[in-house]
Amino acid sequence: MSEQTVRLLIHGASGRMGEALLRLCAEQGGCQVVAAVTRKSPAQRVIDGVPFFAAKELSGVPAFDVAIDFSLPEGFDPVLDLCVVRGAALVSGTTGLSDAQRAALDEAAKSIPLVWASNFSLGVAVLTELVERAAAALPGWDCDVVEAHHSQKKDAPSGTALTLGEAAAANGAKVNYASLRAGDIVGEHTVQFTGLGERLELVHRAGNRDIFARGALHAASRIAGKPAAAYRVRDLLN
Ligand code: NAD
């Protein structure tokens, strides 16, 4: 499937992530957006050759291989249901899902391939693996997850910081968190292991939202045609 053009449905197409996905897909090739779905009726039916649909028209969209969903929790259930009905794969980065929605994802993974992640950057996927290795190799060292984001971000620590901390804790580390909110920082995460007389720092800096869109497109190209299961971003890296 990865050698073929992957037919995509972009759900949340008018949002910041949706716009990045449409732009990058047009630039990089290997994928074709057969449906772009927005909450309200689109002002134009076709933009740059891409057909647009309103959320209420979701059941009538043309055949697709993978839905990429970066919308809001209230838009999530219909796109998950559509993927199950059509036997298509789902790549979702929508955050704030309820416990019931997470359970529905687990159930859907019995019949379709899907990946949900709070962070689709490939760098963070690799960072998570490095954190696991470092935590396992450095028992007894202090472990601190330090994150910085723009001043509008309300939650702290960030979801990504918690994911990194959980990866360290699962490998024996006792984790502390620190958060900084300042200016227009897109997102920085440092996982710091401190021993006696030495310190290891693993750092990821996000420069813009394209890294999440690129990661989602990469995951979409890898997940198309795979057996039904819940995949992690790291499972789809190569
Ligand atoms: P945004 O507010 O700019 O866009 C939201 C989009 O969702 C819009 O196109 C809107 O029309 C659509 N939408 C809203 N309600 C809908 C509904 N009921 N049915 C269908 N579509 C609906 O948001 P954004 O910044 O593009 O972020 C979108 C989501 O992606 C958020 O949940 C955000 O937290 C998440 N996000 C995840 C990652 C990651 O790597 N996992 C990265 C960035 C953002």
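Ligands are counted one by one from 1 in listed order, and the atoms in each one are counted from 1 as well. Both backbone and side-chain heavy atoms feed into the values below; hydrogens, waters and symmetry mates do not. Numbering of residues begins at 1 and proceeds along the displayed sequence.
Looking only at atom types and distance, the side chain of D142 has no donor-acceptor partner in the side chain of T194 under 3.5 Å away.
Residue pairs satisfying the ring pair (Phe, Tyr, Trp, His ring centres under 6.0 Å) criterion with at least one member in residues 200-238, sequence neighbours excluded, are absent. Legend: ring pair (Phe, Tyr, Trp, His ring centres under 6.0 Å) pairs involving residues 134-169, not counting sequence neighbours, sorted by first then second residue: H149-H189. Sorted by first and then second residue, the pairs that involve residues 70-103 and meet ring pair (Phe, Tyr, Trp, His ring centres under 6.0 Å), not counting sequence neighbours, are F70-F120.
One finds no salt bridge joining D99 and R102 here, because no Lys/Arg side-chain nitrogen approaches an Asp/Glu carboxylate oxygen to under 4.0 Å.
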Check ligand 1 for N or O atoms under 3.5 Å from a protein N or O and list each pair with its distance.
from	atom 1	to	atom 2	distance (Å)
ligand 1	3 (O)	R16	N	2.9
ligand 1	3 (O)	R16	NE	3.4
ligand 1	9 (O)	G12	O	3.1
ligand 1	9 (O)	S14	N	3.1
ligand 1	9 (O)	S14	OG	2.8
ligand 1	9 (O)	G15	N	2.9
ligand 1	11 (O)	S14	OG	3.3
ligand 1	11 (O)	R39	N	3.1
ligand 1	25 (O)	R16	NE	3.2
ligand 1	25 (O)	R16	NH2	3.4
ligand 1	25 (O)	R209	NH1	3.1
ligand 1	26 (O)	R16	N	3.1
ligand 1	26 (O)	M17	N	2.8
ligand 1	32 (O)	S71	O	3.2
ligand 1	32 (O)	T95	N	3.1
ligand 1	32 (O)	T95	OG1	3.3
ligand 1	34 (O)	T95	OG1	2.6
ligand 1	40 (O)	F120	N	2.9
ligand 1	41 (N)	G93	O	3.3
ligand 1	41 (N)	A117	O	2.9
ligand 1	41 (N)	S118	O	3.2

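Distance NZ/K153 to CG/L180: 13.0 Å, rounded to 0.5 Å.
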